[in-house]
Amino acid sequence: MRVRVEPASRGPRSGGRAARGRRDRLRGRRLRAHAVELTDAGRKLFHDAEKEAIRVNDQLLAHLSAKEQEQLRHLLRRFTTPDD
């Protein structure tokens, strides 16, 4: 479950029918926490999007050898997670 904290002056954002939320005012502060839970429709949407992402990824990498694909993954990991 993901929780977002924001100033009370900002209203909650609607997630449509794919998610439903609950607001709670944090003790003594002008902040709100939003707990978001996926609905059945949201889980189906996520599953369908994941399947499509895998299909597109496979299509994009199809012209690379297995070694080249691993090298690309390694470089992307280094790019997104710099050394500490």
Side-chain angles (χ1 to χ4, degrees):
M1 176 173 38
R2 175 177 251 171
V3 176
R4 181 182 67 197
V5 177
E6 63 184 33
S9 60
R10 287 179 58 190
R13 294 181 184 169
S14 173
R17 287 181 265 157
R20 60 177 173 258
R22 184 182 75 229
R23 284 189 312 192
D24 294 315
R25 185 177 293 276
L26 297 177
R27 187 182 303 155
R29 295 183 173 203
R30 292 183 48 105
L31 299 174
R32 293 185 184 137
H34 298 269
V36 178
E37 179 183 1
L38 285 178
T39 62
D40 290 339
R43 280 188 282 281
K44 181 182 180 328
L45 182 65
F46 180 83
H47 177 72
D48 292 347
E50 184 179 38
K51 282 177 33 178
E52 182 64 10
I54 290 168
R55 186 190 69 74
V56 169
N57 185 61
D58 290 346
Q59 189 176 32
L60 288 171
L61 297 177
H63 68 281
L64 299 177
S65 69
K67 183 177 180 179
E68 290 170 327
Q69 289 181 29
E70 183 52 40
Q71 183 180 20
L72 176 60
R73 285 185 191 97
H74 172 74
L75 291 170
L76 289 172
R77 275 192 299 273
R78 287 190 58 203
F79 178 75
T80 60
T81 313
D83 293 336
D84 294 319

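Hydrogens, waters and symmetry mates are skipped; everything else that's a heavy atom, side chains included, is used.
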(message) When you measure from the side chain of Glu68 to the backbone of Ser65, do you find a donor-acceptor pair of N or O atoms at a distance under 3.5 Å?
(response) yes
(request) Measure the CD-OG1 distance between Glu37 and Thr39 for me, rounded to the nearest 0.5 Å. (result) 8.5 Å
(message) Do Arg73 and Leu61 have side chains that approach each other closer than 4.5 Å (heavy atoms only, starting at C-beta)?
(response) yes
(request) Any chance you could measure Leu38, atom CG, to Lys44, atom NZ, to the nearest 0.5 Å? (result) 14.0 Å
(message) Please report the interatomic distance CD(Gln59) to CD1(Ile54), rounded to the nearest 0.5 Å.
(response) 14.0 Å
(request) Answer with yes or no whether the hydrophobic clustering places Leu64 together with Val56; edges join I, L, V, M, F, W, Y residues whose side-chain heavy atoms lie under 4.5 Å apart. (result) no
(message) With a 6.0 Å cut-off (strictly less than), is the heavy-atom count around CZ of Arg78, excluding the residue itself, greater than 12?
(response) no
(request) Hey, could you give me the CD/CG distance between Gln69 and Asn57, rounded to the nearest 0.5 Å? (result) 8.0 Å
(message) Tell me whether Asp40 is salt-bridged to Arg43, with the criterion being a basic N under 4.0 Å from an acidic carboxylate O.
(response) yes
(message) Salt bridge check, Glu70 against Lys67: does any charged N sit closer than 4.0 Å to a carboxylate O?
(response) no
